[in-house]
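In what follows, a structure is listed as structure tokens, so that the remarks can point back to it.
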Amino acid sequence: MVKIYWFFSSLMQVDISCTLYKKNKKLISSPIWALEASILAMEVLGVSCVSSFYKPTPIHKKTNFNKSTPIPRSCFSSTSKNTSRSTKVFTSLSSSSKVLQENVDPSEAELETETPNDKFEWFSQWYPVLSVCELDKRVPLAKKILGLDVVVWWDRNENTWKVFDDTCPHRLAPLSQGRIDQWGRLQCVYHGWCFNGTGDCKFVPQATPDGPPIHTSKKACARVYPTTVQHETVWFWPSTDPKYKDIIKKKKPPFIPELDDPSFSNFFINRDIPCGYEIIVENLMDPAHVPYSHYGVMQLDNPPKVKADREGGQPLQLSVKKLDVNGFVGRQEWGSVKFIAPCTYCMYADDPVDVQGNGSAKSTGTDEALLRPKLSGQQRMVFFFFCIPVSPGNCRLIWGTAKNFGSWIENIIPKWIRHILSNLVVDSDLYLLHIEEHKIMEVGAANWQKECFVPTRSDALVVGFRRWMTKYAGGQINWGGKFSPTSLPPTPPREQLMDRYWSHVVNCKSCSYAYKSLNTLEVSLQVITIVSIGIVAATKQGVMSAAARTMVVSMAIVCFVASRWLAHFIYKNFHYHDYNHSIH
């Protein structure tokens, strides 16, 4: 099967390679252009942020940055403030990392916004729930986000998705275990109370017809979160306070123009990760780990001629060019990256437009000055990640691509096949990240910069993220008092930690359908095997010829072997696939 996967990967690489060139006509060294465009589609944590465009740059090469260049008020689409700010120049991302300071050339100074009073409010942001393509309009779905238990369901009366607190006001039963009744109301399965899209209780079966109208009481209402759909994804505002009912008019979720452009084809995938939000965001911003953590899973299109080791790791020049309460913009020669706090991380390939606002896209009421790529022939691709904090030690990742070329691959190869290798990339460093998180918690997140030695520019984005967390978010996520910030769930068995079924398959329509279909095929092969053997055993010696008997027996053997191989394939690709770095 691996050979089949790489066949499609190579096939797609030929198609993409004919179109993607840098100005010097050298093919972009990027495993993702081949892997994502083929089966891998967009290999998340491995692809990680810049890993997709892993293009080593000599450490001595310097990028000039004009200190007199005007800096825009804000290039982050999620902000709605108009506060004027002064700026200061600093020459390192981490004041506690002396080695990093020494390696930074003064001409490459980064700019940080001077905002002493700015504080990032975790409960005053939009959060993605799930891609619309993975939701079922017939049943409510439970999710946990920022420590809140919510239920997302389709209100056919208002023709929109709704997000409620997953608690019935009657006896606190989970509404997600209920159903949508014939009138399009959300019904609690415990006692049958029904709620409309605004949270009003419309029916209490236990109330007498001639008694007081119990269902009209405010205490009988379900708590409703502000909800919107943007970029084919359901978003919610984590507050049921009525004053936020129309928050969408004042503040919108981060806007990525390519995802709304009809000339682009979009690809989505999601997975629940047994690692904390901070660790996963760091991993997305770390391209240097790709040739090592994902060795044998991802390959460099343009490996170095002279390798210092088997994997071919080399110095990388990364930098953070602007950092404020809303996130930051990062640079590398291959293009640009952008972190829009708290959840959105985007990567733009090739020559980026500067941050002065060129190529910006406007969305009513928000500043949408996004960095846009300039690929030859007007071909563009953006990689996006939505990293959602769930609880300490757990997060949800929604990621994918938007591109205006090479969409034919999506019409040939089913989505679930691409998800198989995407999940393999996730699994190849998942255990490392989980253990790393526990060790960071042992020393304390506040001591990260003291305990972690980050002397090279390849760690610049990671250090930038930690600087943002410390300066604006208090160094940790605000869980609203639901969790202790210093507690993590214990490390489960490896098979449970890297489980694919509950973390992805059940939340993916394509993989869920493939899983059921392959299991049905496996059972069918077993039935054929048993029936064939039974026919041979029950048939008298003279009734069936030797040739016919041999053919039936051969068919039984083939079906049995095929069923065993299929059972192994299903388990390895839909349940658990271990990755041993010592033998890869």
Exercise. Taking the six-membered ring of Tyr431, is the NZ or CZ of Arg494 close enough (under 6.0 Å from the centre) and on axis enough (within 45°)?
Worked result: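 Yes, Arg494 lies over the aromatic ring of Tyr431.
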
Exercise. Can a cation-pi geometry be assigned to Arg500 and Tyr576, taking NZ or CZ under 6.0 Å from the six-membered ring centre and within 45° of the ring axis?
Worked result: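 That pair does not qualify as a cation-pi contact.
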
Aromatic ring centroids of [X] and [Y] under 6.0 Å?
X: Trp399; Y: Phe384; result: no
X: His231; Y: Phe255; result: yes
X: Phe574; Y: Tyr515; result: yes
X: His419; Y: Phe267; result: yes
X: Phe465; Y: Trp448; result: no

For this session: For the residue pair Asp309 and Tyr292, confirm or rule out a side-chain donor-acceptor distance under 3.5 Å.
Result: yes

How long is the straight-line distance from [atom2] of [Y] back to [atom1] of [X], given to the nearest 0.5 Å?
X: Asp272; Y: Lys144; atom1: CG; atom2: NZ; result: 12.0 Å
X: Glu436; Y: Cys452; atom1: CD; atom2: SG; result: 7.0 Å
X: Ile279; Y: Ile435; atom1: CD1; atom2: CD1; result: 11.5 Å

Problem set entry | Lys/Arg-Asp/Glu bridge criterion (N-O < 4.0 Å) met for Arg271, Asp427 |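 Salt bridge flag = yes for Asp427 with Arg271.
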
Exercise. Any ion pair linking Glu258 and Lys403 (charged N to carboxylate O, less than 4.0 Å)?
Worked result: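 Salt bridge absent between Lys403 and Glu258.
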
Problem set entry | Sidechain-backbone polar pair: Asn394 side chain, Cys275 backbone, donor-acceptor under 3.5 Å | no

Exercise. Considering residues, nucleotides and ligands other than Tyr571, do more than 12 of their heavy atoms fall under 6.0 Å from its OH?
Worked result: yes

Problem set entry | Residues that Phe483 engages under ring pair (Phe, Tyr, Trp, His ring centres under 6.0 Å), provided they are two or more places apart |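 Scan of Phe483 (ring pair (Phe, Tyr, Trp, His ring centres under 6.0 Å), adjacent residues dropped) gives Trp479.
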
Problem set entry | side chain to side chain contact (heavy atoms under 4.5 Å, CB included) between Asp286 and Glu282, worked out | CA-CA 6 Å; Asp286 174 23; Glu282 282 185 9; over 6 Å; no

pair [X]-[Y]: side-chain heavy atoms closer than 4.5 Å:
X: Tyr277; Y: Pro342; result: yes
X: Pro254; Y: Trp235; result: yes
X: Leu430; Y: Tyr579; result: no
X: Ile388; Y: Leu397; result: no
X: Val337; Y: Leu461; result: yes
X: His504; Y: Cys511; result: yes
X: Pro315; Y: Arg457; result: no
X: Pro414; Y: Ile417; result: yes

Which heavy atom of [X] sits nearest to which heavy atom of [Y], and what is that distance?
X: Trp122; Y: Gln476; result: NE1-O, 3.5 Å
X: Val320; Y: Gly464; result: CG2-CA, 4.2 Å
X: Glu437; Y: Gly393; result: OE2-CA, 3.7 Å

Problem set entry | Pair Arg564-His568, side chain to side chain contact (heavy atoms under 4.5 Å, CB included): steps then yes or no | CA-CA 6 Å; Arg564 293 298 84 209; His568 176 73; over 6 Å; no

Exercise. In terms of ring plane angle, is the pair Tyr472 and Trp468 parallel, tilted or perpendicular, where the classes change at 30° and 60°?
Worked result: tilted

For this session: Please lay out, stage by stage, how His294 and Asp429 fare under the test side chain to side chain donor-acceptor pair (under 3.5 Å).
Result: CA-CA 7 Å; His294 306 298; Asp429 64 359; 3.2 Å; yes

Problem set entry | Evaluation steps, side chain to side chain contact (heavy atoms under 4.5 Å, CB included), between Leu433 and His289 | CA-CA 11 Å; Leu433 299 176; His289 81 281; over 6 Å; no

